[in-house]
Amino acid sequence: MSSVVYLYLLSGDLMRYSQLFIPTLREAPADAEAISHKLLVRAGFVRQLASGLYIYLPIGWKVLNKINTIIREEMNAIGAQEISMPVLHPAEIWQQTGRWNEIGDEMFRLRDRKGSDMCLGMTHEEIITWLASREIRSYKELPQIWYQIQTKLRDEARPKSGILRTREFLMKDSYSFDTDERSLQKSYNLHIEAYNRIFERCGLKFYRVDSDPGMMGGAIAHEYMAPSEAGEDDVALCAKCGYSANVELAESVPPAIDSVDRDFEEIETPEKRTVGEVSAFLKLSPAHFIKSLLVISEKEPVLALIRGDQKLHENKLQKIIGNFRHASRDEAKEILGVEAGFIGPMGHNVKTVADEVLQKGCFISGANKPHYHAGGIKAGREFSPGWADIHVAQEGDGCPGCGEPLHIEKVIEIGNTFKLGTKYSMPLRAFYLDESGREKPVVMGSYGIGPARVAAAAVEQSHDDNGIIWPESIAPFDVIILPLNVKDEKTRETAEHIHNELIRKNVDALLDDRDERAGTKFKDADLIGIPLQIVIGERNLKEGLVEIKSRSTGKAEKIKIDKAVKTACDNIA
RNA sequence: CGGGGUGUAGCGCAGUCUGGUUAGCGCACCUGCCUUGGGAGCAGGGGGUCGGAGGUUCGAAUCCUCUCACCCCGACCA
């Protein structure tokens, strides 16, 4: 029996619906968009305090704690040790790693009464590394994995989708400390094992994908992604070889076009500027065109070329030419001497970066004169750019590993893992002495899980028109007992009896003892999403029967009263 | 930060364009009766600074100005 369940068994009242605070609503708030947002509010799990700030009501908090219990069990199982660090941080440590200045408005900052700069923790690399720097002396003390489940605060530019993107949220964050890269790989692998088990136990469908380490530093990073329409990220997946990556960095080979080599020729295209307009006008698919986009980097203007059916991947381009912005219409005309809409790759004196897919084939693009496009444009003949992958991977593009078509899926990020290396141990001087007495920086990793996102993803992935269908492992209760008419003595007695027996067997069972009509009880039970319902009605009772119904399958079974407890227990596993 | 939208009872909404009784409806809530296998019915009842401030007017939920909050799209996101 988990500690969470045990706490709730302490008071029988908390197993009675009439004593519990579960404010369900017939209608979802009008401003809720995501399914998980609507259902969690309607079913009485959460309430919004302000933008990006949520109150967890009793059953919401209980679900979160069930998730946290699973996380703790699996983290402890890999030898991680739970600690708790402050949410309020002195600026100094963040200044030492440089992130005080690197991070902008997203960090909540404040001053204490003495005027010292402080901030609210967005994450705890700085703090834990400070701790390690003071306490870790020798290779004999390594490796270590420390974790906490702690509130994080981020002044998000746009909180959204209920509890999916909030300004204050709970996060399980763990940090590994190792002597070298090889040892770090072991800690990293341990986390992979733990994460796989955690998300499996939480009943989620999920992928582990390559991700962009971003400002976190370090070279290797992965994200755990739960497929959902409410997600904010896209991942590229290959069913054949298993390639999986966030679209932020996914590579792909766009399908080849069959183009016939032709000589260069100009074509009049009056008032046709965009690829869409020109391709419709010439009755050719957008893949036969080159999109020529002028951007301005910090150093110089750059002409970026991509195929007409592809999108420019700004992050990929940014890694090549540094920060840039799109040129204005006037700038384009001034620099290239032609109005936007009729720009072609030929004959310009500016740095040009083209997507690799343009290396083969014969294309159409702007003719560099108003109201004209040009056909027969071949790489190496009409233009000679620098080559790079600068397109966004799209559905059906070839897998970079095996060539099979990629599938793009919308996902919620529920966890991430980063190899940090010495990014934090160096500036904060977290050093240890190795076997030969040499001082070396600790090699670190950092690993996050968002319990609220796990809950939201579970709702997104498992619901129907009637409400939530919780995975058993994280449901607010295992069983709900529905005495349909509590004024009927036999009904009430049977329900109480079954309830007591289930509780005695450590089943987390809720008794709906409210004097409500049957319909109301069914609707609430379905909405809240408790996996198993035991329905006690006068009709069946006369034959000595009660009904056990599965929330997920909707299948109901009539069984003898004295078999109800056993059957329920068997169903809970 | 750019674009769009919404603020009227706990929730969902009408009324605003075209200013004029005591600001309405459904659900929820309270009391009574009745009812008990899918959010019943009847009767009675409570609940509103119409987001806020200022202005125009004899008179403002309604018109004007400012402001705040929230949602959606985009940018951003260790």
query: Is the closest side-chain donor-acceptor distance between A:Lys316 and A:His391 under 3.5 Å?
result: no

message: Less than 3.5 Å apart, any donor N or O on the side chain of A:Asp513 or A:Ser18 sitting next to an acceptor on the other?
response: yes

task: With rounding to the nearest 0.5 Å, note down the distance linking CG in A:Asp488 to CD in A:Glu538.
output: 3.5 Å

What's the closest nucleotide to the side chain of [X] if the choices are [options]?
| X | options | value |
| --- | --- | --- |
| A:Lys487 | B:U36, B:C73, B:G37 | B:U36 |
| A:Ser51 | B:G38, B:A78, B:C70 | B:C70 |
| A:Gln48 | B:C73, B:C70, B:G38 | B:C70 |
| A:Lys549 | B:G37, B:G38, B:A40 | B:G38 |
| A:Lys523 | B:G38, B:G74, B:G37 | B:G38 |
| A:Val535 | B:A78, B:G74, B:G37 | B:G37 |
| A:Ala518 | B:G39, B:C70, B:G37 | B:G37 |

Rounding to an integer number of angstrom, what distance separates [N] and [M] when you compare their [atom1] atoms?
| N | M | atom1 | answer |
| --- | --- | --- | --- |
| B:C63 | B:C50 | P | 15 Å |
| B:G26 | B:A43 | P | 12 Å |
| B:A69 | B:U8 | C1' | 15 Å |
| B:C17 | B:A60 | P | 14 Å |
| B:G15 | B:C58 | C1' | 23 Å |
| B:G41 | B:C64 | C1' | 50 Å |
| B:A9 | B:G5 | C1' | 23 Å |
| B:G3 | B:U22 | C1' | 43 Å |

Within less than 4.0 Å of OP1 or OP2 of [N], is there a side-chain N or O belonging to [X]?
| X | N | answer |
| --- | --- | --- |
| A:Arg517 | B:A40 | yes |
| A:Arg158 | B:C73 | yes |
| A:Lys160 | B:C73 | yes |

message: What I want to find out is whether A:Arg16 reaches A:Glu496 closely enough, with some N-O distance under 4.0 Å, to be called a salt bridge.
response: yes

Salt-bridge contact A:Arg111-A:Asp117 (side-chain N to carboxylate O under 4.0 Å): yes

Quick one: does [X] reach the base of [N] with a side-chain donor-acceptor pair under 3.5 Å?
| X | N | value |
| --- | --- | --- |
| A:Asn466 | B:G38 | no |
| A:Asp524 | B:G39 | yes |
| A:Arg42 | B:G12 | no |
| A:Glu538 | B:G37 | no |

If the plane angle is over 60° it's perpendicular, under 30° parallel, otherwise tilted; pick one for [X] and [Y].
| X | Y | answer |
| --- | --- | --- |
| A:Tyr188 | A:His222 | tilted |
| A:Tyr54 | A:His37 | perpendicular |
| A:Trp61 | A:Tyr56 | tilted |

With a 4.0 Å cut-off on heavy atoms, is [X] in touch with a base, just the backbone sugar-phosphate, or nothing at all?
| X | answer |
| --- | --- |
| A:Asn540 | base |
| A:Ala50 | sugar-phosphate |
| A:Asn416 | nothing |
| A:Thr491 | nothing |

Would you kindly give the [atom1]-to-[atom2] distance between [X] and [N], to the nearest whole Å?
| X | N | atom1 | atom2 | answer |
| --- | --- | --- | --- | --- |
| A:Ile449 | B:A78 | CD1 | P | 19 Å |
| A:Ile35 | B:C72 | CD1 | C1' | 16 Å |
| A:Glu543 | B:G37 | CD | P | 15 Å |
| A:Glu33 | B:C71 | CD | P | 12 Å |
| A:Arg539 | B:U36 | CZ | P | 12 Å |
| A:Asn485 | B:A40 | CG | P | 14 Å |
| A:Glu156 | B:A75 | CD | C1' | 13 Å |
| A:Arg514 | B:G39 | CZ | C1' | 10 Å |

Would you say that [X] contacts [Y] through its side chain, given a criterion of any heavy-atom pair below 4.5 Å between the two side chains?
| X | Y | value |
| --- | --- | --- |
| A:Met171 | A:His124 | no |
| A:Gln48 | A:Leu53 | no |
| A:Val411 | A:Val209 | no |

- request: For A:Tyr424 and A:Arg99, run side chain to side chain donor-acceptor pair (under 3.5 Å): C-alpha distance rounded to whole Å, both residues' side-chain angles, the deciding distance at 0.1 Å, then the answer.
  value: CA-CA 10 Å; A:Tyr424 297 94; A:Arg99 287 164 112 193; 3.2 Å; yes

Atom pairs, N/O to N/O, protein against nucleotides 4-11 of chain B, distance under 3.5 Å?
residue	atom	partner	partner atom	Å
B:C11	O2'	A:Glu27	O	3.4

task: Return the minimal non-hydrogen interatomic distance between A:Gly52 and A:Thr166, and the atom names on each side.
output: O-CB, 3.2 Å

Could you let me know what [N] is paired to, Watson-Crick or G-U wobble, both distances under 3.5 Å, or none if it's on its own?
| N | value |
| --- | --- |
| B:C25 | B:G12 |
| B:G74 | B:C1 |
| B:G20 | B:C58 |
| B:A69 | B:U6 |

- request: Using heavy atoms to find the nearest nucleotide of RNA chain B for A:Lys558 and A:Pro159 separately, return the residue whose nucleotide is more 5′.
  value: A:Lys558

query: Which ones in residues 454-465 of chain A lie close to RNA chain B, meaning a heavy atom under 4.0 Å from one of its atoms?
result: none

